[in-house]
Amino acid sequence: MGQIQSDEDKEVELAEIQPLYTKFMRVCPSGALHLHEFRKIFGVQSTSEDEALYMETLFKSFDTNRDDVIDFMEFVAAVHLVLRGKLEDRLKWSFKVYDRDDNGKLDRQEVKRVIKVICQLKKNHIHMTPSDICDRIFEILDENNDGQISLSEFMEGAQKDAWIMDLLKLDTNARGWFRENWGEKSFQ
C-alpha cells in the first residue's frame, strides 16, 4: 500500500522541459508571462471584478519573486504543482489563494469571494449559492468556532470531506486545460 507512484507524485522530467520551454517562448517571446497574458491563456475574460481579483491572486501565487511577471522557472513550478503536486502542497497553495490578507486565517469574506468566482467558472456544476457553500465550509472546517479557518483546520477538514476537498483545492480543471492547450502527452 502506498508503493504505487501516481502522476501527482512524479517530478517533471527533463525531457518534458524542452517542449514546454519551446511552447512557453512561443506564447511569451519576451520570456515573461504578464497578468493579461495569463488571463488570456486560461481563457478567463475577467467579466466580473471578483473574477479579475481571483485571476490576479492566482497569478501572484505563482510569481514567487514578486516582479509582476511569471518567468519560465516560475511557470515550470506552477505546472508541476498543478499537474503533479502532492495533495498537501496543492491544499497549502489553495489556502494561500484564499487568504487574501495573508494573515494565516480565512474569514467568511475571503472564502465567499473565492467560492463566488469558482461558481462563476464552473457555471452550472454547483447547485448552491456561494453563501450556502461558505456556511457549509465553516460548519465543517471551523472546529473551534472562532469564525476563522486556520491552515491546520483547512488541511484536516479538506481531507475528511470529499465535497469540501473538491471546492477547496481550486481545481477548475487546470490539469485538463493544460493537457488540452499545451498538448503535453507526457503529462497524462
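What you are looking at is a predicted structure, and each value in this text was computed from that prediction instead of being measured.
- Checked for salt-bridge contact, R66 and E74 miss the test: no charged N lies under 4.0 Å from a carboxylate O.
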Show the atom names and distances, to 0.1 Å, of all donor-acceptor pairs under 3.5 Å that link a side chain in residues 131-140 to residues at least two apart or in another chain.
from, atom 1, to, atom 2, distance (Å)
S131, OG, K112, NZ, 2.7
D132, OD2, T129, OG1, 3.1
D135, OD1, R108, NH1, 3.0

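- The nearest pair of heavy atoms linking G157 to I164 is O-CG2, 4.3 Å.
- Judged by distance alone, the side chain of E110 and the main-chain N or O of R100 form a donor-acceptor pair under 3.5 Å.
- Taking all atoms of both residues into account, the shortest heavy-atom contact from F154 to S94 is CZ-CB, 4.1 Å.
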**Q.** side chain to side chain contact (heavy atoms under 4.5 Å, CB included) evaluation trace for D89 with L81
**A.** CA-CA 7 Å; D89 294 330; L81 177 69; 4.0 Å; yes

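- No donor-acceptor pair closer than 3.5 Å links the side chain of D142 to the backbone N or O of I149.
- Residues F75 and C28 are not in side-chain contact: their nearest non-hydrogen atoms beyond the backbone lie 4.5 Å or more apart.
- The side-chain hydrogen bond (donor to acceptor under 3.5 Å, both in side chains) test applied to E156 returns no partner, not counting sequence neighbours.
- Side-chain contact check for D107 versus V111: every heavy-atom pair is 4.5 Å or farther apart.
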Q) Run the side chain to side chain contact (heavy atoms under 4.5 Å, CB included) check on K96 and L151 step by step: do they pass? A) CA-CA 9 Å; K96 180 179 170 182; L151 176 60; over 6 Å; no

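- Under the 4.5 Å side-chain heavy-atom criterion for grouping Ile, Leu, Val, Met, Phe, Trp and Tyr, V69 is not connected to V27 through any hydrophobic cluster.
- Looking only at side-chain heavy atoms (C-beta outward), R113 and T57 come within less than 4.5 Å of each other.
- Side-chain contact between D71 and N65 is present, with heavy atoms from C-beta onward closer than 4.5 Å.
- Interatomic distance, I70 CD1 to F38 CZ, rounded to the nearest 0.5 Å: 5.0 Å.
- Between F62 and W93, the ring planes lie parallel to each other; the angle is under 30°, not in the 30° to 60° tilted range.
- Put simply, the side chain of D99 gets close to the backbone of N103: a donor and an acceptor are under 3.5 Å apart.
- For the pair I115 and Y98, the minimum side-chain heavy-atom distance is below 4.5 Å.
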Q. Can you list the steps and then say if K160 with E153 is a salt bridge (Lys or Arg N to Asp or Glu O under 4.0 Å)?
A. CA-CA 11 Å; K160 289 180 191 173; E153 288 173 324; over 6 Å; no

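- Note that NE2 of H34 and CZ of R39 are 13.5 Å apart. Values are rounded to the nearest 0.5 Å.
- In terms of modelled atom types and a separation under 3.5 Å, the side chain of D63 and the main chain of D68 share a donor-acceptor contact.
- For the atom pair H36 NE2 and L33 CG, the distance stands at 8.5 Å (nearest 0.5 Å).
- One finds the CZ atom of F95 at 8.5 Å from the OG atom of S152 (value rounded to the nearest 0.5 Å).
- I17 places a side-chain heavy atom less than 4.5 Å from the side chain of V76.
- Separating the CE atom in M155 from the NZ atom in K92 is a distance of 5.5 Å, to the nearest 0.5 Å.
- V97 has its side chain out of reach of K60: every pair of non-hydrogen atoms, C-beta onward, lies at least 4.5 Å apart.
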